Every structure is written in structure tokens, then in C-alpha cells.
Protein chains: 2
Amino acid sequence: MPFEDKKKSRVTLVDVARRANVSRATASLVIRKSPLVGADTRARVEEAMRELGYVYNMGAARLRAERSHTVGVIVPNLTNPFFAELLSGIEAVIDSAGMVVILANSGDLVERQDMVMRRMREHGVDGVIVCPAAGTEPAFLHQLADWDLPLVQVLRQISEEVDYAGSDYAAGMRQAVDYLASLGHRTIAFAVHGPIHSAYRERVEGFCDAMQSRGLDPNMIVGLPIQIGEIADAAHLLFGEGEQPTAVICFNDVIALGLSAGLYDRGLKVGENFSLIGFDDVTDAEAMRPRLTSVSTGPVTIGGNAARLLLDRLADPIRPPRRVVNETVLHIRQSCGPVAISALQQSR
Amino acid sequence: MPFEDKKKSRVTLVDVARRANVSRATASLVIRKSPLVGADTRARVEEAMRELGYVYNMGAARLRAERSHTVGVIVPNLTNPFFAELLSGIEAVIDSAGMVVILANSGDLVERQDMVMRRMREHGVDGVIVCPAAGTEPAFLHQLADWDLPLVQVLRQISEEVDYAGSDYAAGMRQAVDYLASLGHRTIAFAVHGPIHSAYRERVEGFCDAMQSRGLDPNMIVGLPIQIGEIADAAHLLFGEGEQPTAVICFNDVIALGLSAGLYDRGLKVGENFSLIGFDDVTDAEAMRPRLTSVSTGPVTIGGNAARLLLDRLADPIRPPRRVVNETVLHIRQSCGPVAISALQQSR
DNA sequence: GAAAGCTTTTAGATCGATCTAAATGAACAG
DNA sequence: CTGTTCATTTAGATCGATCTAAAAGCTTTC
């Protein structure tokens, strides 16, 4: 008897076709929801699929159809909540397009990024969303494009010739500076850390431009450690010799959280006699005390934009490159206050 | 002329083989580092691969070899830093085994989990690491195992018959209770939230057991909102009628962060006249003020353990199921202090 | 110098889908 | 009743690797 009830091998399209009394080709059309098949045939095939517990074999399909329904995502760091939120935004959009995300971590190292990118190609991803590691050369991205690998840069823009999704960091900096200036602050520090890349430069330039256009000195830029635990202990770096700042703008919320702790340790009251603005507005900002005033860059939104950009490019590989830059929003909470009288007098 | 210089189609093994004057089969052996090929032949083939810019086609290989070098990871939520760290641990180990991670988010919903699991099967993952959505039935996992899909549960244990990696939450709770008791606290609240699952039950039971074995009342269990922003405003729930707690143990660090803010709002000084212990010890714990005393569960370690468990099972599908449970560590910082005199008197 | 044993190489079938181009059948016009 | 059109269905080739089993070379042994 040709019966084979016990778990033998996997159920394939041939099994389904046989069961439904149609050919392999017709069964294939049913799966792909082609309008070519008749209604009753379709029903019969679907019934057979259900009865046999058929599972589509994407791998086999991809081989022939050159579409893997798979998207690579490369981030420099997973433990930073900002990237986790970005990833979440990407995943949601990719998922709802019926595709899956293959994840990789570059550790912000170009060599690892090379490796990982190669692996993505081997796995035949349809496209890649990458937050380029610091130091990535434009040539690297161009080569990938030459290899016909659809690509989107996210957060950091290396090349103008490749799609990009990010946020308007410079405008965000202007919002922060304007707000502090409106509270009377004139000596404002900028606390930074981390590797240098386009997002870094954009923020620094945004800060400097905003300061200069108000006639303020943009040169109080302070470098801090990467690890959040060490940032607090480095808060004293804000107060070197010369003029003392009455407010600080942070490169990101990690720094803001760290400095908030460090300023507390020094006996300063954030929001009262010292002002602090974060950047990114991660969910923790709401939970700090005083609540952190922060420039929201919307990582989930950026992720979604990047994913949509990639889907669009998949649909039309030769469209010219696009930039999708979302607006930042200044979220005013409690960590800033009017400049203290004493500080004003000090700076005279 | 049979020359085809311009970018035509992708370079395949046949091209490489032709170039190196060997057969397809031999070229394949070289790629797979088989010891069967001679040294000079190997060199010739590798040379040809380099010259042609050959990229291995994993998809084609998988079809024949039934190995996709792909692992599915399903988490309930990406924006929670705890899961991001878990994911980071998984990714590192999977990556170093030469495989890639396909990521999916179940949103802690069983229906979505079903969908996502189906998609993983379609993509032919070699195995899956899943943090089961609250309400997952053991039958669900057993069915997957029946389908010959190697499986590891992480953080939440639904079935004893499936590999599991987690942390000893009950022991962690005991550490927290013991520590607070040693500081003189007798009325200790337990702040919880979120969906009910094994990790939830283990923590609650651990708390109750530890309290009871010291003759303390374990019934002060307080439910709080999910969103971190709302937790602070719910801090008053700790102080209902009846006896007032002098300390609180939190189900996780999200609650700890939220409550710390809420207690601050109520004018309580955490670490002085009220004690607070977190659970998980995420990186932010270090940055809070006062620094958060927290029970470390080591998400990165757990993730690594889960990944290794899966790799082991891939190597030996019939080995009996294992449990890998790592020890928790109480990280003492600044958020707890000896019970205040006034509170002691009040509770008499 | 032929048989045996070993290492190295290969032809051809195969995995499970999709694609192409052609066949089938029904409906309709002349 | 035949030729044409249109909607369905299908056989067979194909994607790019791996696997099996056998062939080809090369030593070694008697």
C-alpha cells in the first residue's frame, strides 16, 4: 500500500497536489494566491494543505524565485536601549510586510561589519538596513549597491547615493539651545562621547551653529566616558577653569542619565540651580527625577521609516536615493529652570 | 565567444569549478573544508573563488542538506532593555557558531506567537529559542517538538520536557528578603506587574517562602501598571490601610525605577527612611540616585546559555532535556538602609 | 606485473519549490 | 460543425548547492 501514515519525511507540494488531484504547478499557484486558478480547485488544494499539515518551504522557493523574504539588519550595539527601540520599529514594519529580520551586531567595528555583511549575502537577504559602524567608507556601501544588494542607511549617513532614514539632529540641537537661551542661560556646555560618525558630527555642528547664531560661545564641548557607570564620576569635567556653565546639553540620554546622577552627587539640584537636556528621549526619561527634558528623536519611527524605505526600494530598484528625516520634538519636563541669579552674577 | 565579463548573473559553483578545472563536486568539497581534497586542488579552487568573487548560496545548500544555519528567536517585547540584553547574549553565541538569528516579536500574545512560529518553520530555521508568551500551553511546545523542531525555552518555563535556560528567581528573592531582614525590616511589600507566567510565579513563590520562613507576613503584594511612566504615580498603592511597609522588593528594575521616582515625589528618601530593592540589575541601575540595590539575573548570560543549549541539542537531538539555571547575585548599592526608628515604633 | 588498498575526483540524481510555454476545455462566433 | 478566444491546468526544465556511489590515479604488496 502506498500509505505512509507515520512521521516519515516532510510534506511537500507534490503530496498536496496528489491529494487534491491537481498538478504541482497548480498547487503552487494556489499558494501564491494567483488569480489564475478556479475557485473550486483552489478550495480543494487548500483543504488538502490543511489535512496534510503542509508547511511552505521558503528555502526552495527562494532558490528559484530569487526572493528570500528576508531582510538583514545590522546595528552597532544591542544593549543600548536606543537601538533596541530602533530595531523594534524595523521589525514591526518588516513583519507586517510578511518578511523576517535577520539580525546582526557589528559592535561598531568595520571588520566585523564586513564579516556580517558577507554572511547576509550568503543567506541571500533581499536587502539590508544598516547603521554603519563608525569609520565605514562610502566605497563600502557603493560596492554593496554594485552587487545589487538593496541597502538603507539608518541613523548615520555615509553616502548620499544610498537611501537614508534618520532624524534632524541639527534642528534638535537648535531646539535645545533655543529653549535654554529662553530661560536665560548663556554659558552652555555640550557633553559628548563615543565614536565619531555622521550623527555625531551633525549634532556637534547643530550645537555650534545654534550657539553662534545667538552670539554664544560654542566651544565648551566636554568628552565623557562610554560606560554609563563612569559618566557620573566624570561630571566634574564640566566645571574646569574659566567660565562655569549653568546648563548642559547631552549628546544622548545615556549621558543625561549619567550626568544627572553625577550632578546630584556634587550637590547640584538639576532643574533648580543647574539645567540638563537629554537627547533621544528614551522611555526611561519619564522615570527619572527630576523628569528629564529631552529632545525626542523617535527611534521607533526612524526604524519604521528605514524599513519602508527598503520595501520601496525592493519594489523599484532603480528609483533615485531618498532621505527620510523625521522632525525632533523637544519634550519639556523638569530638568531645566531659569538661570540662577548667583550664576548670572558669577558670569558677569 | 563564451566570455561574459559584464555583470550578468551571480557567480555559482559551476563557474568556480570551470575556472579551477575541477568538477562541481570537488569545488563543493573545498567549500565545506572536506579533508578529501588534495592541497594543490584546494588552493586552485580557493584562488578561483577569490578571483570570481564567489558568494556561497546558503539557500541552495540548505535545500539539499536540510541545514539552514539559522536560528529563530522569539521575544515578547523588544523595547524592554532586559530583553535587548538577552538578545545580545543569544546573538553573540549564535554568531560565533557561524549561524544567524532570525528575530521575531510575539508581543506576549499567543496568537502572534503562533503566526511567528509558523513563519519560522517556513523559513526552515534549524531551531528556535523562545521566551514563551504568557498563557502558552505546554501542548504548543510539545507539538513543535513533535514536528522535529529543536526548541529552547528561555526565562519562562512552560514544559519540563523541553530545554530551559533561566535564572534562579526564587533564590534571588530569598537573597533580597534576607538582606532586608538583616537590616531590621519586618513589613516588606512586593511590587509586581505584568502578565502571569512561570517567571512571575517563581518570583512570587520565592518571596512568600522566604518571608514565611522568617515568620514574616508575605501578603503585601501590590499590583502596578505596566508603563514605566505610570508606575511613579501609582506609588501610593504601597501605603494602603493597615500596617505600613518600610521596604519594598520590586518584581523587576522597571518597577524599581518607577517606584524610586514615585517615592521621591512623595517626599520619601530612598535608602534613608525607605528601602527599595530591584530585580534584574539592568545597566541603568548603576546610574540611578541613590544607586539601586538590585538582584542581578544576568540577561546576557542567560541568553548565552540558551544559545549553547540549542547548539547542543542541534548536535544531539535525542539527548534528554536539560535545565540551565544561573545563580542570581545581590548587588548592594545605596537604595536600602536600616529600618528607621520611627517606623519600628509605628509597627509595634 | 597484477591484485589490493588507498586517496582523490567526478557524473548524475536530488532537495522542493517556480517558471515557461504549451495543452486542455469551455464558450462563442460565423 | 469548425475556428477562435479565453480561462485553467500542466509537463518539464530550472535554481545552486549536496549526496551517493563509482571511477580514476597512485602506491604498495606478493
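Scope of the values below: all heavy atoms of this structure, side chains included, with no hydrogens, waters or symmetry mates. Model, not experiment: these values are computed from the prediction. A, B, ... follow the sequence lines: proteins, then strands. Residue 1 opens every chain.
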Taking atom types as modelled, find out whether Arg32(B) and Ser28(B) have a side-chain donor-acceptor pair closer than 3.5 angstrom.
yes
Between Ser68(B) and Asp126(B), do the side chains contain a donor N or O and an acceptor N or O under 3.5 Å apart?
yes
Applying the side-chain contact (heavy atoms from CB on, under 4.5 Å) test to Thr41(A), which of Thr26(A), Leu29(A), Asn21(A), Leu36(A) qualifies?
Thr26(A)
Those residues that, when tested against Arg322(B), pass salt bridge (Lys or Arg N to Asp or Glu O under 4.0 Å) (two or more places apart)
Asp312(B)
Can you list everything that forms a salt bridge (Lys or Arg N to Asp or Glu O under 4.0 Å) with Arg112(B)? Sequence neighbours excluded, please.
Asp95(A)
Atom-to-atom span, [atom1] of [X] to [atom2] of [N] - whole angstrom:
{"X": "Glu122(B)", "N": "dT18(C)", "atom1": "CD", "atom2": "P", "result": "11 Å"}
{"X": "His123(A)", "N": "dG16(D)", "atom1": "NE2", "atom2": "P", "result": "18 Å"}
{"X": "Tyr54(A)", "N": "dG16(C)", "atom1": "OH", "atom2": "C1'", "result": "8 Å"}
{"X": "Asn21(B)", "N": "dT9(C)", "atom1": "CG", "atom2": "P", "result": "12 Å"}
{"X": "Arg64(A)", "N": "dT14(C)", "atom1": "CZ", "atom2": "P", "result": "19 Å"}
{"X": "Leu13(B)", "N": "dT10(C)", "atom1": "CG", "atom2": "P", "result": "13 Å"}
{"X": "Met58(B)", "N": "dG16(D)", "atom1": "CE", "atom2": "C1'", "result": "13 Å"}
{"X": "Leu63(B)", "N": "dT14(C)", "atom1": "CG", "atom2": "P", "result": "14 Å"}

Which of residues 23-32 of chain B have a heavy atom under 4.0 Å from DNA chain C?
Ser23(B), Arg24(B), Ala25(B), Thr26(B), Leu29(B)
Residues from residues 33-46 of chain A sitting under 4.0 Å of DNA chain C, heavy atoms only?
none
CE of Met99(B) to NE2 of His123(A), rounded to nearest 0.5 Å, is 8.0 Å
Quick one: do [X] and [Y] make a salt bridge, cutoff under 4.0 Å?
{"X": "Glu47(B)", "Y": "Arg50(B)", "answer": "yes"}
{"X": "Arg156(B)", "Y": "Asp108(B)", "answer": "yes"}
{"X": "Glu122(A)", "Y": "Arg118(A)", "answer": "yes"}

Could you report the tightest heavy-atom contact between Ile102(B) and Thr70(B), atom names first, then the distance?
CD1-CG2, 3.5 Å
Polar-atom pairs under 3.5 Å, protein N or O versus N or O of nucleotides 23-25 of chain D: list them with distances, or write none.
none

Tell me the side chain to side chain donor-acceptor pair (under 3.5 Å) pairs involving residues 129-141 of chain A, sequence neighbours left out?
Gln113(A)-Thr136(A)
